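Values below: every heavy atom of this structure, side chains too, minus hydrogens, waters and symmetry copies. This is a predicted model, so every value here is computed, not measured. Below, read A as the first sequence line, B as the second, and so on, with proteins coming before strands; counting in each chain starts at 1.
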Number of protein chains: 2
Amino acid sequence: MVSGRKRKFNEQTALQAAMEVFWAKGFVGASLTDLTKSMNINKPSMYSAFGNKESLFIKATQHYIENNMKAHLGALYAANIPLKTRLKNYMMSIVGMQCSTEQPKGCYLVLCQSEVAGGDIPAEAAKLLIKIEAAPKTLLAELFSTDKEAISLGLNENSTGNALSLYTALKGTASMARSKVPPTELEFVIDTMLTGVFNTSKNHTAPSPKSP
Amino acid sequence: MVSGRKRKFNEQTALQAAMEVFWAKGFVGASLTDLTKSMNINKPSMYSAFGNKESLFIKATQHYIENNMKAHLGALYAANIPLKTRLKNYMMSIVGMQCSTEQPKGCYLVLCQSEVAGGDIPAEAAKLLIKIEAAPKTLLAELFSTDKEAISLGLNENSTGNALSLYTALKGTASMARSKVPPTELEFVIDTMLTGVFNTSKNHTAPSPKSP
DNA sequence: TCCATATTGTACCAAAGGGTATTTTTAAGT
DNA sequence: ACTTAAAAATACCCTTTGGTACAATATGGA
């Protein structure tokens, strides 16, 4: 270490602030003025610390994954809890975040993912967003195809379909949360989708009683 | 009529073009250059014909409602078709639009609605977007509470909840469609949600057999 | 203490943003 | 043919955008 002036801001705190701006306004909508004002630093500081708008966005997005997505996963693998309950806990944990008053409403990814199609998101950032999109889907699909209870219920027969259903529901609730629909109402939606998943698969799987 | 030069462009065609730009890029992301280029007119023409960016957006949004939303409604009220089928037809009609290759993927409203929370959408436009958001929900809720079959199935017991479930599913599919998930996969999601709605309500309604 | 170095703060840049003033066309009415 | 008026084209306005140069300010090491 060869000396130099000390940094006045905390990198993680600044990243958190940047994340919330992107969350609220999207990549395109978030201006450097918006960002640096929230981060409480000035432009040169931000450029020297994070590179540029795109790499700040990438770091903010990774920060989001680490601090806002991973926490929910525990619920999925809790021991001695029925699958349906685990899924419900997982989903409601996410819905809780979507509806939190501590942060922008909805899901960080919904707005930014939408922007990708518009073509105004730089290549690297777009690639990351697409990669992230896939993660929960494959995760849920894996759960459906490996979990003992899922298998015994036949939910593994269409694990990707079931995963997609749940993930789609979460995307929907994110959208609704942004429009200020309260979590109590969204809980009903989640319940309904879960009922659908568990019933559909039952029908689907049940070997049609060999009619004589 | 007091003469003057003839308009070279068709207002509806131009509006359609503008709509597609807003659809793809959102209100904030769509620049006047993007818009006028797609509309194939120049800025002064656009300003004299439509006012400004905001009122162009409002007109484009109304154009969207007229041309892209109303068409689906027919399926809901078709005679001699079971409720579940009507709902499925309605929803798949919308999913078809969301996945169409003729237009931007997803739903016009999902991106723009998301932008409202960011605070960069002018007041009038925001008000319209919020108003539009409510429409399909109340429409479905009304259907659930008045349709004969819905009543006999007990779906009227929680008509707003059921409406919200379906609407949320459609918001979700819009999001997924934007990420290029094909309609065949989304059909499964819709089926699952419908199964959920019809089963949840059944359980919900069935007066628990008076245990002695 | 003085130097090297890293971070701040201010001022600035070129490009793109939404929006207009002005001129040039084109058409209808007389 | 000539006027009138509406649309189109060009050029321009100011503000904001993402991004930097440069001077001012701290800090640790020698």
Distance-only donor-acceptor check, side chains [X] and [Y], under 3.5 Å:
X	Y	answer
Asn162(A)	Ser159(A)	no
Ser45(B)	Asn42(B)	yes
Glu20(B)	Gln16(B)	yes

(message) For Val95(B), is there any backbone N or O sitting under 3.5 Å from a side-chain donor or acceptor partner on Glu187(B)?
(response)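 No: the side chain of Glu187(B) does not pair with the backbone of Val95(B).
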
(request) Verify, without hydrogens or angle tests, whether Gln113(A) (side chain) and Leu129(A) (backbone) share a donor-acceptor contact under 3.5 angstrom. (result)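 Such a contact is found between Gln113(A) side chain and Leu129(A) backbone.
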
(request) Just say parallel, tilted or perpendicular for the rings of Phe22(B) and Phe57(B), cut-offs at 30° and 60°. (result)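 Correct class here is perpendicular.
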
(request) Looking only at side-chain atoms of Ser3(A), point me to the closest of dA4(C), dG19(C), dG19(D). (result)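 The nucleotide sitting nearest to the side chain is dA4(C).
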
Please report the distance, rounded to the nearest Å, between [atom1] in [X] and [atom2] in [N].
X	N	atom1	atom2	value
Asp34(A)	dG18(D)	CG	C1'	13 Å
Phe27(A)	dT17(D)	CZ	C1'	12 Å
Leu35(A)	dT16(D)	CG	C1'	14 Å
Glu54(A)	dG18(D)	CD	P	13 Å
Leu32(B)	dT16(D)	CG	P	16 Å

(request) Looking only at non-hydrogen atoms, find the nearest pair between Lys25(A) and Glu115(A) and report the distance. (result)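 Looking at all heavy atoms of both residues, the closest pair is O-OE2, 4.2 Å.
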
Where do N or O atoms of nucleotides 12-16 of chain C meet protein N or O atoms at under 3.5 Å, pair by pair?
none

Give me the distances for all protein-to-nucleotides 7-9 of chain D N/O pairs that come in under 3.5 Å?
from: dA8(D); atom 1: OP1; to: Lys8(B); atom 2: N; distance (Å): 2.7
from: dA8(D); atom 1: OP2; to: Ser45(B); atom 2: OG; distance (Å): 3.0
from: dA8(D); atom 1: O4'; to: Arg5(B); atom 2: NH1; distance (Å): 3.4
from: dA9(D); atom 1: OP1; to: Lys8(B); atom 2: NZ; distance (Å): 3.2
from: dA9(D); atom 1: OP2; to: Asn42(B); atom 2: ND2; distance (Å): 2.8

(message) Regarding Lys59(A) and Glu11(A), does a basic nitrogen lie under 4.0 Å from an acidic carboxylate oxygen?
(response)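 No.
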
